[in-house]
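So the structure is just underneath, and the comments pick up after that.
These figures come from a predicted structure and were not determined experimentally. One is the number of the first residue; the rest follow in order along the sequence.
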Amino acid sequence: MATRSSYRVIERFTNRLGSLIEKELVLVYVHNDGYPAGHPCEIADWLGSKDLDWNGPGCIAAQLASRLKTRSGGTYIESLDSRGYLDEDYCYDIVVEGPKITFKAYEVPYVDEGEKPEFKEIYSGSPKGFCKKHSHE
């Protein structure tokens, strides 16, 4: 059975008027191995790496899709409003605020068609912290 997941990249910044703005940039759906110790741990490890070379949130979004899309099928770019409606078991957020990256993980309990999905936060913090918590599961 597949463990479905999705990743959302979010740019967070303060505008000139002092308001906090969050822009959702991309939603990447992955059909298999989305449990925390699967590819999410690998992605968090990559995000926390000193070797990560990026130039803003859009660059991270493009690299994320590239890292996850290794063959035909299995990984797709979806509309942002479909998050939670793709039968995901887990959803992950990559929040980029200046040089800081926060990794968030949510369990998504199954809901019947037409019901609004609920997201149960299971982690929010550094990418490295996520790896430490979930790499041995």
Side-chain angles (χ1 to χ4, degrees):
M1 187 166 117
T3 304
R4 298 170 179 90
S5 63
S6 65
Y7 293 86
R8 184 173 57 163
V9 177
I10 301 169
E11 177 181 13
R12 181 183 289 162
F13 61 95
T14 303
N15 69 9
R16 291 182 295 172
L17 302 174
S19 299
L20 183 64
I21 306 295
E22 287 192 354
K23 288 177 24 182
E24 299 173 350
L25 301 180
V26 70
L27 183 72
V28 181
Y29 168 82
V30 185
H31 189 72
N32 290 310
D33 300 333
Y35 48 88
H39 55 72
C41 193
E42 293 172 18
I43 293 300
D45 187 51
W46 164 68
L47 290 168
S49 168
K50 291 181 181 180
D51 295 329
L52 177 65
D53 183 21
W54 58 285
N55 185 18
C59 184
I60 286 181
Q63 288 185 54
L64 173 69
S66 176
R67 289 184 75 84
L68 292 168
K69 185 69 174 175
T70 58
R71 60 179 171 73
S72 177
T75 302
Y76 306 91
I77 301 293
E78 296 287 349
S79 66
L80 289 163
D81 60 358
S82 64
R83 181 174 184 258
Y85 294 98
L86 300 167
D87 290 331
E88 299 107 306
D89 299 290
Y90 296 94
C91 290
Y92 302 96
D93 286 342
I94 299 165
V95 182
V96 183
E97 187 171 2
K100 182 182 174 190
I101 297 173
T102 302
F103 194 81
K104 296 184 175 194
Y106 305 86
E107 283 183 333
V108 187
Y110 178 80
V111 295
D112 290 325
E113 190 171 329
E115 291 184 24
K116 185 175 182 179
E118 295 183 26
F119 301 91
K120 178 186 171 195
E121 186 174 290
I122 59 171
Y123 181 81
S124 179
S126 73
K128 287 281 190 195
F130 180 82
C131 290
K132 286 179 184 174
K133 181 176 180 181
H134 294 288
S135 65
H136 300 292
E137 290 183 349

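- The distance from the OH atom of Tyr110 to the CG atom of Asp112 is 5.0 Å, given to the nearest 0.5 Å.
- The shortest heavy-atom contact between Ile122 and Pro36 is CD1-CG, 4.2 Å.
- Salt-bridge check for Glu22 with Arg12: passed, with a basic side-chain N closer than 4.0 Å to an acidic carboxylate O.
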(request) Evaluate side chain to side chain contact (heavy atoms under 4.5 Å, CB included) for Phe13 paired with Glu97, printing each intermediate quantity in order. (result) CA-CA 6 Å; Phe13 61 95; Glu97 187 171 2; 5.9 Å; no

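- Put simply, Ile94 and Tyr29 are part of two different groups of oily side chains (I, L, V, M, F, W, Y) that touch within less than 4.5 Å, one to the next.
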(request) For the pair Leu86 and Tyr76, evaluate side chain to side chain contact (heavy atoms under 4.5 Å, CB included) and give the outcome as yes or no after the intermediate values. (result) CA-CA 11 Å; Leu86 300 167; Tyr76 306 91; over 6 Å; no

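- Heavy atoms only, all atoms of each residue included: Glu88 and Ser6 are closest at OE2-OG, 2.8 Å.
- Taking the six-membered ring for Trp and thresholds of 30 and 60 degrees, His39 and Tyr7 have ring planes inclined between 30 and 60 degrees apart.
- Closest approach of Gly98 to Trp54, counting heavy atoms only: O-CH2, 3.3 Å.
- Between the CD1 atom of Ile60 and the CD1 atom of Ile43 there is a distance of 11.0 Å, given to the nearest 0.5 Å.
- Separating the CG atom in Leu68 from the CD1 atom in Ile77 is a distance of 9.0 Å, to the nearest 0.5 Å.
- Here the straight-line distance linking atom CD of Glu118 with atom OH of Tyr106 works out to 14.0 Å at 0.5 Å rounding.
- In this structure, the separation between CG on Asp45 and CZ on Phe103 is 10.5 Å, given to the nearest 0.5 Å.
- Atom-to-atom distance recorded for Thr75:OG1 and Asn32:CG is 8.5 Å, nearest 0.5 angstrom.
- Pairing each heavy atom of Tyr92 with each of Gly34, the nearest pair is OH-O, 2.6 Å.
- The environment of Asn15 atom CG is dense: over 12 non-hydrogen atoms of other residues, nucleotides or ligands sit within 6.0 angstrom.
- The minimum heavy-atom distance linking Leu80 with Leu27 is given by the pair CD2-N, 3.7 Å.
- Heavy-atom contacts from other residues, nucleotides or ligands closer than 6.0 Å to NZ of Lys120 number 12 or fewer.
- Heavy-atom minimum distance, Arg83 versus Arg8: NH1-NH2, 3.3 Å.
- Connection of Tyr35 to Val28 is established within a shared hydrophobic cluster, with ILVMFWY side chains joined at heavy-atom distances below 4.5 Å, either directly or through further cluster members.
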